[in-house]
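Note that these values count all heavy atoms, side chains included, but never hydrogens, waters or copies made by symmetry. Each ligand, and each atom within it, is numbered from 1 in the order the structure gives.
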Amino acid sequence: MEVINISKISDLTFHNASHYITQKFSKKHDGVDYGTNLKKIPIYPIEDGIVTKVFKDSYGAKIVKVYYPRIDMTFTYGHLDKIYVKKDEKVNNNTKLGLTGKTGLATGIHLHLSIYDNKLKKYIDPEEYSLIYNKEPIIYIVKKGDNLTKIAKKYNTTWQNIYNKNKDIIGPNPNLIYPGQKLYI
Ligand SMILES: [Zn+2]
């Protein structure tokens with residue numbers, strides 16, 4: 001079995017920009033709060049998804065919800081300063097969803113991230129889910145005009161990583177991939 005690169009949910013969300021936990025997941029807190037060094041920084045979807053809701057709660061917190069079909073989970077991103085997406089918009093790991101902020105009931109600039117598992121019908125701990133997230137392989141179907149570098153960028157990995165996992169499928173030349181080929185990310 002090949003070793004799959006671990007990318008934490010929060011690293012994918014912040015594109016590796018520095019962040020730290022300010023409040024953990026608990027019975028009273030359905031997600032994790034991540035401080036972003038007092039700065040308003042962009043947040044990104046973890047993978048291909050669709051915006052299901054953009055709204056303000058009763059305290060004025062700006063919130064975006066994104067549904068990820070592959071994993072059948074809905075992520076809530078809260079206390080944003082700005083939101084750049086609209087309901088029903090298709091998003092991927094390169095789409096800026098918004099900026100971290102302190103709208104609503106918040107004492108400092110942070111992201112409240114919660115994950116609702118639609119299969120289990122409950123909120124799960126984003127930090128715990130990070131550990132298993134990448135073990136579920138992503139299968140990507142090559143489109144016209146794709147190359148490994150382009151695909152790698154989309155999934156926050158390197159072309160070498162993708163090539164190593166798919167040598168049997170791609171063959172000796174990493175520059176030759178064809179529409180319709182199925183690759184493990
Ligand atoms: Zn929170």
At a threshold of 2.8 Å, where the distance has to be below it, does the Zn ion (ligand 1) have an N, O or S atom of His29 nearby?
yes
| request: Please confirm whether the backbone N or O of Thr13 pairs with a side-chain atom of Lys8, one donor and one acceptor, at under 3.5 Å? | output: no
Answer key: the N, O or S atom of Asp33 nearest to the Zn ion (ligand 1) is OD1
Of all the N, O or S atoms in His112, the one nearest to the Zn ion (ligand 1) is ND1
Residues 45-71 vs ring pair (Phe, Tyr, Trp, His ring centres under 6.0 Å), sequence neighbours excluded, gives Tyr68-Phe75
Next on the checklist: Ring centroids only, cut at 6.0 angstrom: are His19 and Phe14 within range, meaning strictly under it?
Outcome noted: yes
For Asp81, the salt bridge (Lys or Arg N to Asp or Glu O under 4.0 Å) test, sequence neighbours excluded, returns Lys40
